[in-house]
Structure formats: structure tokens, C-alpha cells
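The block underneath contains the structure these notes are about, expressed in C-alpha cells.
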Amino acid sequence: MTNRFRRAVQAQDFLITAEVMPPKGGNPIRMVEMAKILKGRVHAVNITDGSRAVLRMSSLAASVLLLQEGIEPICQMACRDRNAIGLQADLMGASALGIRNILALTGDPVKAGDHKTAKAVFDLESVRLLQTIGKLNQGLDFNARSLPDEPTDLFAGAAVDPQLKSWSGLQRRFERKLEAGAQFFQSQLIVDFERLDKFMTQIASGTNKPILAGIFLLKSAKNADFINRCVPGVEIPQTIIDRLAAAENPLQEGMEIAAEQVRMAKQLCQGVHMMAVKREDLIPQILDMAEITPIDPVWS
């Protein structure tokens, strides 16, 4: 399988990705079924790597399972759980298995998850992981020693949070990731589109690297309140919470809100990254509501 997502980035297409969580156990059927529903609607499917420090199946293994179904994955790789040796080993393995897209992440703190006594590693963080991927693609390891069995072929991306309170910190972190070799950026959940506009015009302008705005399906006012309490850096506006609370069908209203946000994002940046936890099956409908036409259904 050639890298459809990389080709779409290089062609400067409007990019659509979506997030699917690996199973919490040994049965991947639901994950695969959700990913299959996204065929023809997204360029690639993100597989999370211990998001919120909650135990789930390896993102690398889950990505292989999707690849076997003809679904192009973006394999998230977090630095929290592996040292430099383990990360490089998994990156070389990913390349050998045909997994080309890697989202380099530092990783959520262990205390946020369900194994609070586990030992965090953080031998690297996202910028150094991007640099390491660049070296592997050049045929060198972390210590700049030559790889005798050929370079990797990985297409690396990074996360960005345009809603970060520190503007200088946001700019500095974004520029470091660019310099480290990030080829695309997926954002955290976006609710402040004025802030996204400012980020695109004042920081991301001229970089020629696509920014995909994170669009999150809010299922109810209670769900929005939970996000505000538990997801650092996100503040769902009260106007949205009130809309959800007043709606006769909160889920349908959440879909309408997500579709509105997709339309706003399309005016500002080069793509959207869809997140609909446990309701990934609704993503095609949200894209229809946002008047986003299907992409070529043949994944090749």
C-alpha cells in the first residue's frame, strides 16, 4: 500500500483524519468495524497510544490490524512508556510493516490514567522523537550510528494546541517541531475559532505544513461539562453547553455543532481531525452535514 495520506498532504488537498481507540483487551473487532465505516471519508485513521495514560492495546499492533483491512493508519507514538531503545525499535518495526504515518507525542502523565503507580519513562519527548525519526529516515540511529539494514520510511507529524494560553510558548513549541521535521500537525479539540484564525495567520502562515483542526463530537451538556473538568486546556463555551442542554435530541445537536465547526475550520486551515469517542460511526454523517464530499473510496 502506498501512502495515501502523504500524497494528499503533498497535493495540498483538504485533509480529513479521524481517531479510533485501540481495544481494551484482545478483541479488535469493534475498532476494525468503526474504522471500516470511515473508508472513503478520511485519508487516514489515527490509532491512539495510551491516550490519557489509560491502558489499551498497542497502537503499533492496532495499526497493523487496520493495515490488513486496507485502512491507512496514523500510528500515534508516545514517549511516556518506552525509552529511546524501545521507541526506535517500534519505529523500525512500523516501517518494516508498512506503517508510514507516525504522530510523535510526549504522552499524558501517568497520574492522569488508570495505572497511577506505573513508572513513567520520558527518555525522549515529542521534539526529540521527531528528530529521532528524521535520523532513522537518514539511516542513522539516535546516537548517529549507521543502520546497516537500510533507513526507515516514515512520515512524521506532531500535535499542536492553538488554544494554549502562552502565545510565545505556543509559537516556540510549534517552531521547534517544524525544525525537528514535522510534516503535518493535528490540533487538540478546537472551540475558539478566532484563536485558530490568529494562530494560522500569525504563526503557521508560510510554513507550508498542513494544520488539521481537532473537531470533537459533544454528545450532551454533561459530556461537555466532563470535558471542561477533565481535559486540560479545553474550555467548552457556555453557549455550546446551553445549546446541548436545551436540545430535544442532544446527540443530534452535538452533530450539528461539529458540522458547523468543520465548516469554520475549512475556511481557516488545511484539514480536520475528527474525534467522536465511541461514536465514530457518526463521523460520515457529520461530514455530510458539513458538505464535505467523500474522497476516493478506493484505498491504495
Side-chain angles (χ1 to χ4, degrees), residues 1 3 5 17-39 42-126 128-130 132-133 136-137 141-142 147 149 152-159 184 186 273-278 280 299:
M1 178 186 290
N3 191 321
F5 179 68
T17 58
E19 193 164 284
V20 174
M21 288 188 178
K24 195 164 189 177
N27 188 340
I29 288 177
R30 186 190 179 279
M31 175 195 72
V32 172
E33 287 177 348
M34 289 297 103
K36 283 181 175 179
I37 291 170
L38 300 171
K39 269 193 173 185
V42 304
H43 293 95
V45 174
N46 274 59
I47 297 296
T48 59
D49 184 18
S51 178
R52 293 177 53 231
V54 172
L55 171 67
R56 287 184 179 273
M57 180 185 288
S58 153
S59 59
L60 180 56
S63 293
V64 171
L65 291 169
L66 292 199
L67 206 59
Q68 291 172 349
E69 298 291 337
I71 299 166
E72 182 166 341
I74 297 175
C75 181
Q76 295 188 4
M77 196 162 291
C79 299
R80 177 191 58 241
D81 305 320
R82 286 156 287 189
N83 65 14
I85 298 171
L87 287 165
Q88 290 177 97
D90 281 351
L91 288 164
M92 288 187 282
S95 186
L97 290 164
I99 297 164
R100 303 295 183 224
N101 309 306
I102 303 291
L103 189 73
L105 301 170
T106 298
D108 298 314
V110 167
K111 65 180 181 181
D114 58 357
H115 283 64
K116 298 184 189 302
T117 60
K119 185 176 180 180
V121 181
F122 295 117
D123 201 5
L124 307 179
E125 42 70 53
S126 58
R128 295 177 75 201
L129 180 57
L130 286 166
T132 300
I133 293 170
L136 293 174
N137 283 344
D141 69 11
F142 178 76
L147 300 176
D149 296 311
T152 58
D153 179 20
L154 300 169
F155 191 64
F184 65 94
Q186 292 175 320
H273 176 55
M274 306 298 295
M275 295 171 277
V277 179
K278 297 183 180 178
E280 296 89 350
W299 293 50

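In what follows, residues are counted from 1 in the order of the sequence shown. None of these values were measured; they are calculated from a predicted model.
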Within 6.0 angstrom of Ile85 CD1, more than 12 heavy atoms from elsewhere: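 Counting neighbours around CD1 of Ile85, 12 or fewer heavy atoms of other residues, nucleotides or ligands fall under 6.0 Å, so no.
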Inter- and intrachain pairs under side chain to side chain donor-acceptor pair (under 3.5 Å), touching residues 44-53, at least two apart: Asn46-Gln186, Asp49-Arg82
Residue pairs passing the side chain to side chain donor-acceptor pair (under 3.5 Å) test where at least one lies in residues 110-125, sequence neighbours excluded: Lys24-Asp114, Glu125-Arg173
Any side-chain donor near an acceptor of the partner, His43 and Glu72, under 3.5 Å: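 Per modelled atom types, His43 and Glu72 side chains form no pair under 3.5 Å.
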Excluding sequence neighbours, so at least two apart, what forms side-chain contact (heavy atoms from CB on, under 4.5 Å) with [X]?
{"X": "Ile37", "result": "Met34, Asp281, Pro284"}
{"X": "Ala62", "result": "Pro22, Met31, Ile47, Met57"}
{"X": "Glu33", "result": "Ile29"}
{"X": "Ala156", "result": "Leu130, Ile133"}

Main-chain N/O of Ser126 paired with Thr106 side-chain donor or acceptor, under 3.5 Å: yes
Short side-chain to backbone donor-acceptor contact, Gln88 and Asp141, under 3.5 Å: no
Quick one: closest heavy-atom pair of [X] and [Y], and the distance?
{"X": "Phe5", "Y": "Asn101", "value": "CD2-OD1, 3.7 Å"}
{"X": "Ser58", "Y": "Ala61", "value": "OG-N, 3.1 Å"}
{"X": "Cys75", "Y": "Ser63", "value": "CB-OG, 3.4 Å"}
{"X": "Ala120", "Y": "Val110", "value": "CB-CG2, 3.7 Å"}

Taking C-beta and beyond as the side chain, do [X] and [Y] meet within less than 4.5 Å on heavy atoms?
{"X": "Thr132", "Y": "Leu87", "answer": "no"}
{"X": "Phe142", "Y": "Arg128", "answer": "yes"}
{"X": "Arg100", "Y": "Ser95", "answer": "yes"}

Which residues share a salt bridge (charged side-chain N to carboxylate O under 4.0 Å, His left out) with Glu280, sequence neighbours left out: Arg30
With Lys36 via salt bridge (charged side-chain N to carboxylate O under 4.0 Å, His left out) - residues at least two apart: Glu69
Residues in ring pair (Phe, Tyr, Trp, His ring centres under 6.0 Å) contact with Phe155, at least two apart in sequence or another chain: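 Ring pair (Phe, Tyr, Trp, His ring centres under 6.0 Å) check on Phe155 returns Phe184.
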Atom [atom1] in [X], atom [atom2] in [Y]: separation rounded to 0.5 Å?
{"X": "Leu147", "Y": "Met92", "atom1": "CG", "atom2": "CE", "answer": "6.0 Å"}
{"X": "Met77", "Y": "Leu129", "atom1": "CE", "atom2": "CG", "answer": "7.5 Å"}
{"X": "Asn83", "Y": "Phe122", "atom1": "CG", "atom2": "CZ", "answer": "13.5 Å"}

Residue list, side-chain hydrogen bond (donor to acceptor under 3.5 Å, both in side chains) with Asp153, at least two apart or on another chain: Arg6
Under the side-chain hydrogen bond (donor to acceptor under 3.5 Å, both in side chains) test, residues paired with Asn137 that sit two or more places apart: Thr152
Residue that, paired with Leu66, satisfies side chain to side chain contact (heavy atoms under 4.5 Å, CB included) out of Ile99, Val20, Ile71: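 The option that passes is Ile71.
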